[in-house]
Amino acid sequence: MNTPTRPSSALTVQRKPGSKTSTAMKPSALTPEDKALRAAFEAAYEREISQSSHGATPQAALHAAAIACRETLARRWAATQQADAARGDKAPVRRVHYLSMEFLMGRALSNALAALKLTAPLEAKLAEQGLALGDVLEREPDAALGNGGLGRLAACFLDSFAELELPSFGYGLRYRYGTFAQVISQGRQLEQPDDWTRNAPDWELPRHDLRYHVGFGGRVEVDASGVRRWQPAESIEAEAFDFVVPAHYSQRVSTLRQWQATAAPIAFKPFCEGDYTRAARHQVLADSINWVLYPDDSTEAGRELRLKQEAFLVSASLQDLVARHLREFGSLHNLGKTNAIHLNDTHPALAPAELMRLLLDEHGLGWDEAWKICCQAVAYTNHTLMPEALETWPVRMFEHLLPRHLEIIYEINHRFLEELQQRFPGDNALAARVSLIDEGSHGGERRVRMASLALVASHRVNGVAALHSELMVQTIFADYARIWPGRFHNVTNGVTPRRWLQQANPALSSLLDSRIGDGWRKNLAELGELSALAGNRELGEEFLAVKRANKERLAGVIRRELGLAVNVDSLFDIQIKRIHEYKRQLLNLLHVISRYQAIRDNPDANWVPRTVIIAGKAASAYQMAKSIVRLAHDVARVINSDPRVGDKLKLVFLPNYSVTLAESIIPAADLSEQISTAGTEASGTGNMKFGMNGAVTIGTWDGANIEMAEAMGVENMFVFGLRADAVAKIKQLGYDPKLYVEENRQLKRVIDAISAGVFSNGDTERYRSLVDSLLGRDVYLLMADFADYVATQAKVDQLFADRAAWAERALRNIAGMGPFSSDRTIAEYVDRVWSVKSLT
Ligand SMILES: *Cc1c(COP(=O)(O)O)cnc(C)c1O
């Protein structure tokens with residue numbers, strides 16, 4: 001990775017980052033504006049709460065506080081838009097339009113209060129009414145409009161957009177149901193709908209004056225002069241709802257604009273004519289668009305409704321962009337030089353086709369100019385190397401839903417393949433591989449390759465960590481990298497330190513402030529100053545005291561949720577993330593079982609007590625992942641009730657993983673499990689959140705773990721397992737997992753116990769397919785990595801037993817986390833992708 005750029009370097013408005021001498025955060029330093037804001041907030045809060053029919057309940061207080069914040073946010077939003085519109089066409093950074101099917105925002109109130117410096121005033125108001133701030137904040141449901149890392153990344157980016165004063169819009173869909181709520185019943189995952197809007201406070205600013213029509217179906221008509229026009233059979237209206245995200249150290253905000261589909265008013269005609277069936281069908285289509293977020297970002301959705309959602313997001317967002325651009329400039333010729341359109345994975349990859357349609361059909365530009373604008377504007381981030389996650393759609397489905405887009409895609413492809421023919425004459429195999437259309441030569445149907453569409457139209461394509469970006473151009477995109485070698489880049493992910501350190505871990509934040517000043521909140525690189533202090537004994541003890549208090553808090557959550565008591569002096573060993581075979585929660589469980597067996601063999605040995613904590617959701621159709629969830633519960637039941645084990649080992653599965661749950665778990669972690677098979681985790685961001693909260697990582701040489709290890713010094717991370725090149729090699733040579741099992745008594749005993757039904761009340765069928773997959777193909781090489789993993793866990797025990805050494809190690813981990821702020825990530829996107837100079 002390149003050395004971290006100064007976050008605000010490439011932006012139009014430069015602001016001093018917070019620094020050690022800054023007093024911006026201290027209540028004593030309230031400016032006159034702060035005081036006015038506070039008075040307005042208090043007045044608005046009182047007005048709202050006085051109107052509550054149930055008096056000052058926590059729920060009413062939540063709504064009143066949100067509305068009182070919203071007034072300020074709305075003002076700041078207007079000021080931000082005015083400033084951005086006044087930049088004209090000479091600005092060095094283009095306005096960014098970040099298109100994403102997922103935004104995993106979590107709760108908003110405590111972040112808004114912190115950004116507006118209103119936490120203490122609200123606390124005081126609540127105290128007058130006998131309410132506690134925590135009880136109020138807890139009422140807010142998570143806005144969980146995302147599945148995992150990809151959606152949470154988009155949410156962290158919005159925070160950095162505001163902080164870095166980047167002219168921008170996030171664009172998403174306003175799903176009624178986000179990711180499901182996970183309920184565990186008899187050890188099994190059940191999915192329940194999570195209607196997040198039900199008790200959500202009124203955060204959003206509805207923009208009733210912003211409505212666009214999005215068409216589906218119908219046919220393309222050609223008029224006398226040869227102009228092609230799409231006559232959609234149906235038209236849905238998109239209405240904007242804005243979710244405003246405030247900066248913490250300026251008055252700027254960023255915007256998440258989410259689209260809501262409504263049936264009116266096109267269905268009115270059938271309605272008037274008495275064609276109620278057609279009118280009702282139209283209503284159903286509109287409702288279905290916003291109905292639900294598709295699960296899992298690494299399996300193929302392959303459903304028509306999903307394609308409709310993607311088309312709806314893309315069309316509404318680009319119409320909004322074009323309308324704004326015309327308002328500001330009155331002409332489209334400079335659109336590409338003043339606007340960036342960023343595709344968060346292939347989900348919004350229709351964007352180039354839709355932009356071409358708008359420019360050609362609606363605004364009369366010629367092909368060459370339209371295509372130039374399109375290529376200037378569009379850039380694409382890839383998030384996974386798994387070929388099955390690269391979206392393709394049947395041509396048939398396009399013909400039926402998006403006929404004009406299909407024509408445009410054919411034309412783009414035709415020109416692309418012609419150019420290719422000139423550069424690589426006669427290489428028909430290459431042409432077939434990179435074509436936007438998969439001709440279905442292997443007996444399948446013809447399909448549109450969305451990644452190819454994104455690639456051909458983008459002036460920049462990036463992966464999300466160094467290794468991932470390298471593998472991306474060597475594997476899935478190797479042909480394209482040969483065609484356009486300069487197009488591919490890396491931008492390593494990051495997370496916002498405001499949410500993941502300042503808010504999630506106030507005690508550690510204060511400790512850091514006391515030693516290195518408070519500037520890290522805005523310039524995370526300042527964490528580096530901690531490395532000179534890491535060996536300080538007193539600091540080490542204070543750090544351990546903070547960690548212990550956080551562990552006590554989490555132990556309280558575990559007691560309340562599961563009725564289980566855990567020892568806060570034990571090592572908290574934590575793996576929280578979506579449940580997936582590549583992330584290898586199963587490897588973690590194999591280690592737990594093996595440790596359990598060893599403790600039973602020798603209960604009086606000097607064991608370092610451990611509490612292993614797992615949380616995560618399995619996609620509802622992903623049977624193997626669900627089986628892993630069940631195994632975790634089965635193993636936990638046996639271990640946690642075995643009197644010979646006691647405090648030496650506990651296994652905890654916390655249900656319903658979410659942003660909010662992550663915020664309470666991560667500050668309590670001693671050990672962070674980042675154990676994906678090398679070459680499979682594109683970046684990971686959970687690893688970064690843990691690192692900045694002073695957890696030590698046990699991890700494979702994968703994703704951003706590698707850059708973390710390099711930043712903190714590899715000797716400060718517990719690295720184990722095969723590296724990506726060794727994984728590829730072993731697979732190529734013919735991998736046989738059984739050999740590893742035969743060779744390793746410990747491993748064999750673990751597998752035998754699962755097979756024999758030790759954890760399933762003697763049921764030898766329950767985990768048969770799980771064991772078969774391990775002994776058969778073992779795609780993710782658990783058997784190959786098991787021995788090194790277990791040996792490395794023993795080293796973790798050793799270090800943990802030496803409290804001072806552990807504290808020093810944890811502090812060195814924090815000190816190395818400077819580069820992993822999403823502020824650095826966004827500064828790099830600005831520099832390499834969104835600035836005007838990146839176009840030349
Ligand atoms: C950070 C985060 C993720 C991503 O975690 P990884 O460990 O990188 O997979 C997923 N879900 C939530 C709720 C998160 O906060």
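These numbers were taken from a predicted model, which means no experiment stands behind them. One-based numbering, in listed order, for ligands and for the atoms of each.
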Around [atom], find the nearest protein heavy atom and jot down its residue, atom name and distance.
{"atom": "atom 7 (O) of ligand 1", "value": "Lys577 NZ, 2.7 Å"}
{"atom": "atom 5 (O) of ligand 1", "value": "Gly686 N, 3.7 Å"}
{"atom": "atom 11 (N) of ligand 1", "value": "Tyr657 CE2, 3.4 Å"}
{"atom": "atom 14 (C) of ligand 1", "value": "Lys689 NZ, 2.9 Å"}
{"atom": "atom 8 (O) of ligand 1", "value": "Thr685 N, 2.8 Å"}

*Centre of Tyr249's six-membered ring, under 6.0 Å away, within 45 degrees of the axis: is that where NZ or CZ of Lys522 sits?*
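Here Lys522 fails the 6.0 Å and 45° test against Tyr249.
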Should [X] be counted as touching ligand 1, given the test is an N or O pair under 3.5 Å?
{"X": "Val659", "value": "no"}
{"X": "Asn687", "value": "no"}
{"X": "Trp500", "value": "no"}
{"X": "Lys583", "value": "yes"}

*Should the ring pair Tyr98 and Phe157 be called parallel, tilted or perpendicular, given that the plane angle runs from 0 to 90° and is split at 30 and 60?*
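It falls in the perpendicular class, over 60°.
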*Could you label the plane-to-plane angle of the His580 and Tyr622 rings as parallel, tilted or perpendicular, counting under 30° as parallel and over 60° as perpendicular?*
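It falls in the perpendicular class, over 60°.
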Numbered atoms and elements of ligand 1 in range of [X], under 4.0 angstrom, heavy atoms:
{"X": "Gly684", "result": "8 (O)"}
{"X": "Ser658", "result": "13 (C)"}
{"X": "Gly148", "result": "10 (C), 11 (N)"}

*Is any side-chain N of the basic residue among Arg521 and Glu163 closer than 4.0 Å to the acidic one's carboxylate O?*
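Salt bridge: no.
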*Quick one: do Arg498 and Asp823 make a salt bridge, cutoff under 4.0 Å?*
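The answer is yes: the pair qualifies as a salt bridge.
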*Any heavy atom of Glu663 sitting closer than 4.0 Å to ligand 1?*
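Under 4.0 Å: no for Glu663.
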*asked:* With a 4.0 Å cut-off on heavy atoms, is Phe690 in contact with ligand 1?
replied: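 Distance cut 4.0 Å: Phe690 fails for ligand 1.
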*asked:* With side chain to side chain contact (heavy atoms under 4.5 Å, CB included) as the test, pick out the partner of Leu467 among Leu385, Asn490, Asp702, Asn705.
replied: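 So, applying the side chain to side chain contact (heavy atoms under 4.5 Å, CB included) to Leu467 and each of Leu385, Asn490, Asp702, Asn705, only Asp702 qualifies.
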_Test side chain to side chain donor-acceptor pair (under 3.5 Å) on Glu707 and Thr492; report intermediate values, then the result._
CA-CA 9 Å; Glu707 287 149 87; Thr492 299; 2.5 Å; yes
*Verify whether one side chain among Lys583 and Gln575 offers a donor that lies under 3.5 Å from an acceptor in the other.*
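No pair is found: no donor N or O on one side chain lies under 3.5 Å from an acceptor on the other.
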*Check whether the ring centres of Phe103 and Phe243 lie less than 6.0 Å apart, and answer yes or no.*
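Between Phe243 and Phe103, which both carry aromatic rings, the centre distance is not below 6.0 Å.
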*asked:* So Met105 and Val245, do their side chains get closer than 4.5 Å, heavy atoms only?
replied: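 In short, these two side chains touch, coming nearer than 4.5 Å.
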*Under-4.0 Å heavy-atom contact with ligand 1, by part of Arg578 that carries it*: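 No part of Arg578 comes within reach of ligand 1.
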